[in-house]
Amino acid sequence: MGRIRNDAASCAAPRARARAHDRLSMLYEPQVEQFGIALEPCGEALAGRASTDDADAAVFVYRIDGCCVVTSHRVLVKRDMPFFEQSVPGLCVCTLSRDSLALCPVAPPRRSRPHGNVAIFGDGAMKSDRSILRAGTRQDATSIMLLPRWFDRLDGRARHAARALMEEPGDTCIGDTAAALDRTMRALTPLFGGRLADLAMLHAHTGRAALTALGWYLERTRAEAAAGTREQRQLVRSAQCHVGINLDKPLSLDQVARDLLTSRTRLCAAFKQETGESLGAYIRRTRMERAAELLDNPRLDIAAIACAVGYPRTSSFTVAFEHAFGCSPTAFRARCGGALGRDRFCP
């Protein structure tokens, strides 16, 4: 895998630094302001806490060399609130709570965990996103966000891989690689059992996380190329990612195909061949599994959960849920809890 050059000089020119400063600030300042947090210096970090009617929130931010930001936040949402995020071109590696993973632009895993879900995704363009944070959810995450210039310190092969990964649909990472990334990121933040980091630790851990993510991507790419499924797998990941971040919206097969700039026939055939499941069944299952997770939260009423998974009418949601789990959402909440019920899903 790539090697990192010693690099205090690699983020150099003053004008470039000023532009990088603006872009780095965009990655955390708008989000922090929405929780009413004023960040103050704390060692190498900026840190702050706030408690409002909307949420209790704590945040740590590290800025590194004008081309990397590490953010860590722990948020308990008290009432539904709109949330706006600004993204810039770059690569993000993060470890998230289940509630935060649901807002992340990645294909949702078949089984998420309360904490320690690792996602890797890029942004090829600057854009803004709006979502709703639901009352009672825990929006916990630690993220390493690398601007494209960060990768100038790597060798050519790794730089090429990084730029390719930024353009791909986001994905979750599992197994030993996910566990290693989770440990690396948690070590940087007092919010999740780590400690305040000095510059040497920040450079070491961000470099390790970036190279681990790129190694994961290259291995996946080699395996798909060897199997001759690379292009098809990319299309399926794009569909899974699109579904995951649009569960609260109508998702007809024709609309998904249009959004992905392909034909319905090609998309459905590729999805069935790669996953063994039809795209329609995948959408229904993903909606219901997310609903089961949300039912673990007693502060969310059934109508809010129905809307969150794409059912404006609670009655339609109840019928779909009963078909999937064999009981009503209310009975599921009272008797089953989360994981027990999800294991009984019937497509």
Side-chain angles (χ1 to χ4, degrees), residues 31 34-35 53-55 57 73 75-85 96-115 117 119 121 128-141 170 172 239-252 255-256 259 279-325 327-334 336-342 344-345 347:
Q31 294 88 316
Q34 290 172 81
F35 294 116
D53 291 340
D54 290 329
H73 60 75
V75 179
L76 173 61
V77 184
K78 297 178 182 177
R79 65 184 183 189
D80 290 3
M81 61 178 289
F83 189 67
F84 300 90
E85 292 184 277
L96 311 109
S97 65
R98 177 179 288 155
D99 291 329
S100 285
L101 179 65
L103 303 176
C104 199
V106 297
R110 184 66 188 261
R111 292 286 182 268
S112 61
R113 301 187 297 170
H115 299 281
N117 302 286
F121 59 93
S128 299
D129 294 304
R130 180 185 184 277
S131 54
I132 299 293
L133 303 185
R134 299 292 179 183
T137 57
R138 289 193 172 274
Q139 303 295 335
D140 296 347
T172 50
Q240 291 171 325
C241 182
H242 186 78
V243 169
I245 62 179
N246 290 286
L247 279 183
D248 59 338
K249 302 178 181 68
L251 283 169
S252 72
Q255 185 60 55
V256 174
D259 290 341
L279 178 55
Y282 175 81
I283 293 171
R284 291 190 295 274
R285 175 173 62 77
T286 304
R287 289 193 198 278
M288 292 299 102
E289 290 180 348
R290 179 58 182 154
E293 292 171 353
L294 292 173
L295 283 164
D296 281 341
N297 180 355
R299 297 185 62 181
L300 283 174
D301 62 36
I302 304 300
I305 293 172
C307 288
V309 295
Y311 289 86
R313 296 175 57 192
T314 305
S315 58
S316 299
F317 167 67
T318 299
V319 170
F321 194 91
E322 287 178 344
H323 177 74
F325 290 102
C327 64
S328 71
T330 302
F332 178 94
R333 172 175 271 170
C336 302
L340 175 62
R342 284 195 292 280
R344 296 210 307 268
F345 178 84

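In this structure, Ile302 and Leu295 have side chains that are in contact, with non-hydrogen atoms separated by less than 4.5 Å. Using a 4.5 Å heavy-atom threshold, the side chains of Arg134 and Arg299 count as separate. In this structure, Ser97 and Asn117 have side chains that are not in contact, with every pair of non-hydrogen atoms separated by 4.5 Å or more. Considering only heavy atoms from C-beta on, Met288 comes within 4.5 Å of Phe317 through its side chain. Taking 4.5 Å as the limit, every side-chain heavy atom of Thr172 sits out of range of all side-chain heavy atoms of Gln240. The shortest side-chain heavy-atom distance between Leu101 and Pro109 falls under the 4.5 Å cut-off.
In this structure a side-chain-to-backbone donor-acceptor pair under 3.5 Å is present from Asn297 to Ala135. The backbone N or O of Val75 sits less than 3.5 Å from a side-chain atom of Asp140, completing a donor-acceptor pair.
Under the rule for a side-chain hydrogen bond (donor to acceptor under 3.5 Å, both in side chains), the partners of Asp259 that lie at least two apart in sequence or sit in another chain are His242, Gln255. Scanning for side chain to side chain contact (heavy atoms under 4.5 Å, CB included) contacts around Leu103 gives Ser131, Leu133, Gln139, with sequence neighbours left out.
In summary, Arg79 and Asp54 engage in a salt bridge, as defined by a charged side-chain N under 4.0 Å from a carboxylate O.
Within the structure, every pair that satisfies the ring pair (Phe, Tyr, Trp, His ring centres under 6.0 Å) test and touches residues 281-310, not counting sequence neighbours, is listed here: Phe271-Tyr282.
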Exercise. Report the C-alpha distance between Arg333 and Leu300 in whole Å, list the side-chain angles of each, state the deciding distance to 0.1 Å, and finish with yes or no for side chain to side chain contact (heavy atoms under 4.5 Å, CB included).
Key: CA-CA 11 Å; Arg333 172 175 271 170; Leu300 283 174; 4.2 Å; yes
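Taking CZ from Arg287 and CD1 from Ile305, the interatomic distance works out to 15.0 Å, rounded to the nearest 0.5 Å.
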